[in-house]
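First up is the structure itself, then whatever we jot down about it.
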Amino acid sequence: MSTLPIASPRQVRWAAVALVRSDGRAFAAVLALNAAAALLGLAGPWLLGRIIDRVAEGATTGDVDRFGLLLLGCALVQVLLSRQARYLAHRFGERSAAKVREQLLDRVLALPAGTAERAGTGDLTARGTADSTAVGETLRDAAPELLVACAQILFILGAILTVSPLLGSCGLLGILGIALGSRWYLRRSRPAYLADRAATAGLAETLSATAGGARTVDALGLGAQRLAAGRAAVAEARRARLRTLHLRLRFFAAINLSYTVPAALVLPLGAVLVAHGAVTPGAAVATALYLQRIVDPLDTVVVLLEGLQSSTAAYARVEGLAPAPVPAQSRTEQAAGGHEPADDRIRVSGVRYAYPDGPDVLHGLDLDLTPGERLAVVGPSGSGKTTLGRLLAGVERPRTGSVTVGGVPLADLAPERLRRQVVLVTQEHHVFLGTLRDNLEIAAPGAGDAALTAALDAVGWQHDLPDGLDTDLGPAATRLDGARAQQLALARVILADPHTLVLDEATALLDPATARHTERALAAALTGRTVIAIAHRLHTAHDADRVAVLAGGRLTALGPHEDLLAEPGPYADLWRTWRTA
């Protein structure tokens, strides 16, 4: 199940109203044009009934021709109004879909990094693609058509009751059956469609993880396990989809039965009433045609009602991110009167941390970093180095204790403010589609070519791309290998210019000589900044001001390289092991 929230029906309604109001004139124009087209559509059966009655009264050919021309004119104007309404509806829907996607992107970027990671790429991708598209299509097509269809039903019922109240009452029997069926369906459809979309997102997540880790799957022989996971995800998506299908089948069966009732009653009843002179033949024909005509808007309402449940579930997922981002001022900052961090000093006090449903992996850590120092964090695999780095970067929140910058908990800072304080760089890097310049300007919008080139020089970049900063990057253009992608990420760090940098094996994909050169260049470029380097290559520790040694989630040693090396202990053992490896 997704860790991201789902909006309530009330939140979805208010969000939809706000979205429509943001482009209210266009939506009103769509409704007005469709309503006018619907009213003109009522003219056909009425005019045909008048023609029958006038012929019965002995009307001339000219009278019939005039009614026929009027009927043709109404049909032509109706077509023109419907076409213009469709054109405006598509423009309105595409603008609304763009707004939904932009809001979603803003909200995703504002999510705390830990929240986004736990959500998984499948869920976020599904919300940003299929769910957002469903919302846009509903606003473009379903919403105007649903309102217009409802108005058409009311207009036609009014016309039927005006022409013949007795025959018109037959139409109300069909409406009653549809109303009861719709009530049954709506009570059961929302949870079913939410489960369907969640299962689809889970399937996307499973496929994405398997495809992204294909080499690891092959190397470790995990093919059978990933295949089993994929089959389980497909089976869950199938069960969820079948649940919605069963609901639709029962709903449509009840609706189709409701369609036949009015026609089955009005035809024999109309014949009897005409025979007894209670209604004219024209009125009976007009009523029958109106009842036949009402099937189309009723069918539209039924189909759109079914689709509306799916799109409402999609909008609930999209709008669910609205309350998720950390506000501009965190709770802690608000309690402190909105104060900024007093300084750049980072303190770790009595920190314990456990991953969900697991034991503590950090046990009472205490660490005080002096602004501007270089700290190396070393230790054997599984000692808690990466977890400590995530806490120092504000990605995770400690279970107990605190990690603060200038007296303010890092995890309580708004994401935008946190990124100005601390930047975490890991082995995982992303090259965005676009030019090399675009990829660098993400960290420093508006930076000049000189600044971009200087950042690349600082990480040892080889300026060998065909078009320099304007070289297109991506699978269909110039593809960067892992080492170049890592250098690009480090160049972004220099451009972002944070006061604290956490490097978690950030040069692991570089060869040892290049890695050492890059780390020294970074140190020079980030002079005066706090640098926390988590590494297995202990030459990083040799160059640091202090070294923190972790073992079993505990801080076992802390001090300068030479001091720790001079004493027997875990660091000296690690150093000797690394030197002889």
Could you walk me through whether Trp14 and Glu319 satisfy the side-chain contact (heavy atoms from CB on, under 4.5 Å) test, starting with their C-alpha distance in whole Å, then the side-chain angles of each, then the deciding distance to 0.1 Å, before giving a yes or no? CA-CA 10 Å; Trp14 280 110; Glu319 194 61 26; over 6 Å; no
Decide yes or no on side-chain contact (heavy atoms from CB on, under 4.5 Å) for Thr435 and Thr471, but give the supporting numbers first. CA-CA 5 Å; Thr435 64; Thr471 301; over 6 Å; no
side-chain contact (heavy atoms from CB on, under 4.5 Å), that's the test. Do Arg248 and Tyr185 meet it? Break it down for me. CA-CA 8 Å; Arg248 290 196 297 271; Tyr185 175 73; 4.1 Å; yes
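Outside the 6.0 Å centre-distance limit, the rings of Phe92 and His90 are not counted as a close aromatic pair.
With sequence neighbours excluded, no residue forms a side chain to side chain donor-acceptor pair (under 3.5 Å) with Ser82. Contacts of Asp472 classified as side chain to side chain donor-acceptor pair (under 3.5 Å), with partners at least two apart in sequence or in another chain: none.
Between Arg107 and Val318 the shortest heavy-atom distance is NH1-O, 4.0 Å. Residues Thr244 and Ala192 come closest through the heavy atom pair CG2-O, 3.7 Å. Annotation for Arg127 and Leu104: closest pair O-CD2, 3.3 Å, computed over non-hydrogen atoms. When all heavy atoms of Ala195 and Ala240 are compared, the pair lying nearest together is O-CB, 3.9 Å. Across Ala233 and Leu203, no two heavy atoms sit closer than the pair CB-CD1, 3.8 Å. Listed here is the closest heavy atom pair of Leu33 and Gln84: CD1-CG, 3.7 Å.
Counting heavy atoms from C-beta on, the side chains of Thr206 and Arg226 come closer than 4.5 Å. Contact check for Leu488 versus Asn439: side-chain heavy atoms found under the 4.5 Å cut-off. Here the side chains of Tyr193 and Leu247 are not in contact, with every heavy-atom distance at 4.5 Å or above. Two residues are said to be in side-chain contact when any heavy atoms from C-beta on lie closer than 4.5 Å; Asp449 and Arg437 meet this criterion. Side-chain contact between Leu436 and Leu465 is present, with at least one heavy-atom pair separated by less than 4.5 Å. Using a 4.5 Å heavy-atom cutoff, the side chains of Val77 and Leu80 are not in contact.
Atom OG1 of Thr312 and atom CZ of Arg317 lie 13.5 Å apart (nearest 0.5 Å). In this structure, CZ in Arg492 is found 8.0 Å from NE2 in His430, a value given to the nearest 0.5 Å.
Between Asp196 and Arg243 there is no salt bridge, since no side-chain nitrogen of the basic residue lies less than 4.0 Å from a carboxylate oxygen of the acidic one.
Distance alone, capped at 3.5 Å, is enough to place a donor-acceptor pair between the Arg188 side chain and the Trp184 backbone. Side chain of Asp467 to backbone of Asp470: no donor-acceptor contact under 3.5 angstrom is found.
Under the side chain to side chain donor-acceptor pair (under 3.5 Å) criterion, the residue pairs touching residues 93-103 are Ser22-Lys99, Asp23-Arg95, Glu94-Arg140, Arg101-Thr133, with sequence neighbours excluded.
The local environment of CZ in Phe432 is crowded, with over 12 non-hydrogen atoms from other residues, nucleotides or ligands closer than 6.0 Å.
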